[in-house]
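Numbering of ligands and ligand atoms starts at 1, following listing order.
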Amino acid sequence: MVGIIDIKEIFSRVFQIKFEDGRIAIATETLVPGLKVYDEKIVQHDDREYRIWNPYRSKLAAAILNGIKELPIKPGSRVLYLGIASGTTASHISDIIGENGIIYGIEFAHRPFRDLIKVAENRKNIVPLLKDARLPESFSYIGENVDILYADLAQPNQAQIFLHNAEIFLKENGYGIIAIKARSIDVTKPPDEIFKEQREILEAGGMRILEGIKLDPYAKDHIMFLLRYQY
Ligand SMILES: C[S@@+](CC[C@H](N)C(=O)[O-])C[C@H]1O[C@@H](n2cnc3c(N)ncnc32)[C@H](O)[C@@H]1O
């Protein structure tokens, strides 16, 4: 196994690892030692266990590697996640927020949801909800306003769904993170035109755009917006 030269915390509980062969990766320190969630690599250092965060499997990892300047997800954060799927990205968020944080994970497809349930059995800070993100009233029993609204639905009207959920669940000055795939919206238009339109929809809905980070080469023709919500 290739040795580690250096581990540096680049955001709260997100680490950059330099290996002896020159490779650089990002990782989170696992909340559940010994357990993998997807096919991520696990490395040990100084009695700690880290899960390498794969940017080809997680758009949030791609945004971090592409230089996002701020990551509002912190220990204790409360997160509503639309389109959590089987929990690949959410498992790293779960590592970051720790035992005092919570992720309400909305997913409407049964197959990824079954895998998500297994992940949540070992990670008590993930609450899986088999729900349709277009109908936030159907999970209003969450009963709290969250610090972060995260969306990765790959749907044409995702920005509208995101704003509808923000109105109900996002704190004033809370943060939004939304991954947008140009081809899910319109295959005929250039991606930059789509990103501009989506930006305008989000701004008109009360979101201030803090950053827009393209996710190439990890996810082609995708952008991730980091947003702040002003009522
Ligand atoms: C690109 S995948 C999400 C990957 C995941 N965010 C990750 O990084 O690990 C999009 C997911 O959104 C789900 N989805 C799409 N529309 C939805 C809706 N209206 N309500 C709930 N889930 C939805 C899909 O079933 C799919 O699992």
Side-chain angles (χ1 to χ4, degrees), residues 14 26-28 30-31 35-40 51-66 68 71 73 77 79-97 103-120 122-123 125-142 146 148-169 175-185 187 191 194 198 213-216 218-226:
V14 178
I26 57 166
T28 52
T30 185
L31 194 62
L35 271 189
K36 285 191 182 197
V37 173
Y38 52 109
D39 58 356
E40 75 273 31
R51 299 166 55 236
I52 302 293
W53 198 351
N54 184 341
Y56 291 97
R57 300 287 303 276
S58 167
K59 288 158 212 152
L60 187 54
I64 293 171
L65 281 165
N66 282 358
I68 200 167
L71 187 66
I73 302 167
S77 289
V79 182
L80 174 60
Y81 192 134
L82 309 177
I84 190 170
S86 55
T88 300
T89 298
S91 68
H92 290 282
I93 297 177
S94 157
D95 287 343
I96 297 170
I97 64 176
I103 304 168
Y104 299 104
I106 308 297
E107 175 55 55
F108 73 176
H110 286 261
R111 187 188 281 224
F113 191 78
R114 274 201 295 275
D115 295 333
L116 177 67
I117 297 272
K118 290 189 208 120
V119 175
N122 298 301
R123 293 175 172 270
N125 61 9
I126 300 182
V127 180
L129 298 168
L130 185 63
K131 293 284 175 191
D132 187 331
R134 289 170 294 191
L135 305 170
E137 292 80 5
S138 72
F139 44 91
S140 60
Y141 54 75
I142 286 175
V146 295
I148 291 146
L149 178 62
Y150 188 101
D152 181 15
L153 292 166
Q155 292 289 326
N157 54 348
Q158 182 184 215
Q160 289 84 351
I161 299 171
F162 175 87
L163 290 171
H164 188 188
N165 277 270
E167 272 172 34
I168 299 177
F169 295 112
Y175 287 88
I177 300 175
I178 181 167
I180 292 168
K181 179 182 180 183
R183 292 178 65 82
S184 298
I185 293 172
V187 286
I194 293 170
Q198 296 297 304
I213 300 273
K214 295 217 179 135
L215 304 184
D216 300 273
Y218 307 111
K220 197 174 166 340
D221 296 335
H222 283 65
I223 197 164
M224 183 167 270
F225 286 122
L226 175 64

Does a salt bridge link Lys181 with Asp152, judged by any charged N lying under 4.0 Å from a carboxylate O?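 No, this pair does not count.
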Do the charged groups of Asp216 and Lys214 touch, with an N to O distance under 4.0 Å?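 No salt bridge links Asp216 with Lys214.
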Just to be sure I'm reading this right: ignoring hydrogens, which of Tyr81, Phe108, Phe113, Tyr150 gets closest to atom 22 (N) of ligand 1? Compare them by their nearest heavy atoms.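 It is Phe108 whose heavy atom sits nearest to atom 22 (N) of ligand 1.
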Nearest to atom 11 (C) of ligand 1 by heavy atom, Lys131, Arg111, Glu107: which?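 Closest candidate by heavy-atom distance is Glu107.
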Distance to 0.1 Å, residue and atom name: give those for the protein heavy atom nearest to [atom].
{"atom": "atom 8 (O) of ligand 1", "result": "Thr89 OG1, 2.6 Å"}
{"atom": "atom 15 (C) of ligand 1", "result": "Leu153 O, 3.3 Å"}
{"atom": "atom 2 (S) of ligand 1", "result": "Asp152 O, 3.9 Å"}
{"atom": "atom 20 (N) of ligand 1", "result": "Ala133 N, 2.8 Å"}

Indicate the atoms forming the closest heavy-atom contact of Tyr150 with Thr89, along with that distance.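 It is OH-CG2, 3.7 Å.
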Walk me through whether Val37 and Arg51 qualify under side-chain contact (heavy atoms from CB on, under 4.5 Å). CA-CA 9 Å; Val37 173; Arg51 299 166 55 236; 3.7 Å; yes
Against heavy atoms of [X], which atoms of ligand 1 measure under 4.0 Å?
{"X": "Arg134", "answer": "19 (N)"}
{"X": "Asp132", "answer": "18 (C), 19 (N), 20 (N)"}
{"X": "Ala109", "answer": "25 (O)"}
{"X": "Lys59", "answer": "1 (C)"}

Does Gly83, backbone or side chain, put an N or O under 3.5 Å from an N or O of ligand 1?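 Yes, there is a polar N/O contact under 3.5 Å.
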Do any nitrogen or oxygen atoms of Ala90 lie less than 3.5 angstrom from nitrogen or oxygen atoms of ligand 1?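 Min N/O separation from ligand 1 is not below 3.5 Å for Ala90.
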Under 3.5 Å, is there a donor-acceptor pair between the side chain of [X] and the main chain of [Y]?
{"X": "Arg123", "Y": "Ser91", "result": "yes"}
{"X": "Glu107", "Y": "Phe113", "result": "no"}
{"X": "Asn54", "Y": "Glu40", "result": "no"}

Atom NZ of residue position Lys220 - does it have more than 12 heavy atoms of other residues, nucleotides or ligands inside 6.0 Å?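 No.
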